[in-house]
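Some notes on the structure that comes next.
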Amino acid sequence: MGLNRQELISWYLINKRDLPWRKTKNPYKIWLSEIILQQTRVQQGLPYYWKFIAAYPTIQSLAFANEDEVLNLWQGLGYYSRARNMLMTARVINEQYDGCFPTNYNDLLKLKGIGEYTAAAIASFSFKEPVAVVDGNVYRVLSRLFDIDTPIDSGTGKKAFRFLADEVLDKVNPDTFNQAIMEFGALHCTPQKPDCNNCVLNGTCLSRVNGTISQRPVKKKKNASKQRFFVYKVFLEDDKTTIQKREGKDIWQGLYEFPLEEFDDAKKQMDYIQSCKGKTLYCSSEITHILSHQRIKTFFIYLKSEKKKEALKQGVLSVPINELHRYPVSVLTENFLKKTKSLTFFPFDQNVT
DNA sequence: AAGGCGGGGGC
DNA sequence: GCCCCAGCCTT
């Protein structure tokens, strides 16, 4: 036996963090927490969980929310399709499922935004269905314990780990066991520098014997980073400015920002800024926003009032500055607004730098 | 099967 | 500053 279930569960009961979604069987609250926790650390997700529970205590209340409201609460958390899918699913459950969550893995899987991991999490935590969760923590723990070098981002790897996870699952206590193996991965069997000397499972950890801990799990994907070049145009008239909503299948979908020009390279970006020189009241220094797979080099320029022409464009809103906070904006935009304190305090008389 | 989607933390 | 993390959807 490669995994001592009782040892793992005992470790969990002693070391587990006190988290609000672990004190409930309410599928709505568990669903919300699991969506937030996708690609998000507990510490970062906690305040968002409380905000959502306060704003939408039931799935019905969420179903009646509008998308801007939800995105506003989600602002800063990233992967915004999670929020849009959550709203869509709340409405589907409210209208087509009589307001009640499906109670098993296969039916949960049909819902938008709920994949294999989340379906297993809700089914086991809420309804004690004996189905194993396989998240990044589980991949790491199992690949080390059994010293498996199959890449976790390949089709065969996913199948193999899913099979193994179901094998080792405690079918009598699937809820506690699933929580335990993920918490163990998050707190003890960590990606870097796991504390193997004080590990309750180190007696049966094959990877430890073979000295391959730091090489597990194996992934085949490489990180490619591309550069993008943005120029945001800030128009001011009285105490209003203009913003627009991002559409299309790109980053920050559904969020608001100033009217934007995007360029293929730094030269075209700079040429554009120079071409605006006569109309420009101020140009920020370059701001580089770094994400996993892209870095966005950005300038903010204040332009004289061509605002009327700009506002005529479809989708551009004229918004009082003191109401900007009502709109969900991208971090890049949010940071800029924060940094400049208030748009009206911005230096108007500087030239392009 | 491969690519896109964010922001935070470690070093 | 650079690298790592990782579930779901779309193509």
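Remember, it's a predicted structure, so these values are computed and weren't measured experimentally. Below, chains carry the letters A, B, ... as their sequence lines are ordered, and counting in each starts from 1. All values below were derived from every heavy atom in this structure, side-chain atoms included, with hydrogens, water molecules and symmetry-related copies excluded.
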Whole-Å gap separating [atom2] ([N]) and [atom1] ([X]):
| X | N | atom1 | atom2 | answer |
| --- | --- | --- | --- | --- |
| A:Leu77 | C:dA6 | CG | C1' | 14 Å |
| A:Leu46 | B:dG8 | CG | C1' | 15 Å |
| A:Tyr48 | B:dG7 | OH | P | 9 Å |
| A:Ile296 | B:dC5 | CD1 | C1' | 11 Å |
| A:Gln253 | C:dC8 | CD | C1' | 14 Å |
| A:Arg84 | C:dT10 | CZ | P | 10 Å |
| A:Leu87 | C:dC8 | CG | C1' | 17 Å |
| A:Lys158 | C:dC8 | NZ | P | 11 Å |

Between [N] and [X], is there an OP1 or OP2 to side-chain N/O distance shorter than 4.0 Å?
| X | N | value |
| --- | --- | --- |
| A:His289 | B:dG7 | yes |
| A:Lys110 | C:dC8 | no |
| A:Lys219 | C:dC4 | no |
| A:Tyr80 | B:dG7 | yes |
| A:Trp252 | B:dG7 | yes |
| A:Arg295 | C:dG1 | no |
| A:Thr118 | C:dC8 | yes |
| A:Arg82 | C:dC9 | no |
| A:Gln39 | C:dC5 | no |

Closest nucleotide of DNA chain C for A:Gln38 versus for A:Pro191: which of these residues is on the 5' side?
A:Pro191

Starting at the 5' end of DNA chain C, which residue's closest nucleotide do you reach first, A:Lys112 or A:Ile290?
A:Ile290

Side chains of A:Arg91 and A:Asn94 in contact at under 4.5 Å (non-hydrogen atoms):
no

From C:dA6, B:dG6, C:dT11, pick the nucleotide closest to the side chain of A:Arg140?
C:dA6

Regarding the side chain of A:Gln44, the nearest nucleotide among B:dG7, C:dG7, C:dA6 is B:dG7

Parallel, tilted or perpendicular: which fits the ring planes of A:Phe336 and A:Tyr302, with parallel below 30° and perpendicular above 60°?
tilted

Just call it for [X]: base, sugar-phosphate, or nothing, with non-hydrogen atoms closer than 4.0 Å on any strand.
| X | result |
| --- | --- |
| A:Lys220 | sugar-phosphate |
| A:Asn85 | sugar-phosphate |
| A:Tyr79 | base |
| A:Ile114 | sugar-phosphate |
| A:Gln294 | sugar-phosphate |

If B:dA1 has a Watson-Crick or G-U wobble mate with both distances under 3.5 Å, name it; if not, just say none.
C:dT11

Within the distance-only criterion (no hydrogens, no angle test), does the side chain of A:Glu129 pair as donor or acceptor with the backbone N or O of A:Ala120 below 3.5 angstrom?
no

Pair A:Lys110 + A:Asp107, salt bridge at N-O below 4.0 Å
yes

Pairing of A:Arg326 and A:Asp68 as salt bridge, 4.0 angstrom limit
no

Could you pull out the closest heavy-atom pair between A:Ile114 and A:Ala119, with the gap in Å?
CG2-N, 3.5 Å

Specify the closest pair of heavy atoms between A:Glu116 and A:Leu109, including all atoms of both residues, with the distance to one decimal.
N-CD1, 3.5 Å

In whole Å, measure the gap between the P atoms of B:dC11 and C:dA6 for me.
15 Å

Taking atom C1' in both C:dC9 and B:dG8, what distance in whole Å separates the two?
23 Å

Taking for A:Gln192 and for A:Val331 the nucleotide of DNA chain B with the nearest heavy atom, the one nearer the 5' end belongs to A:Val331

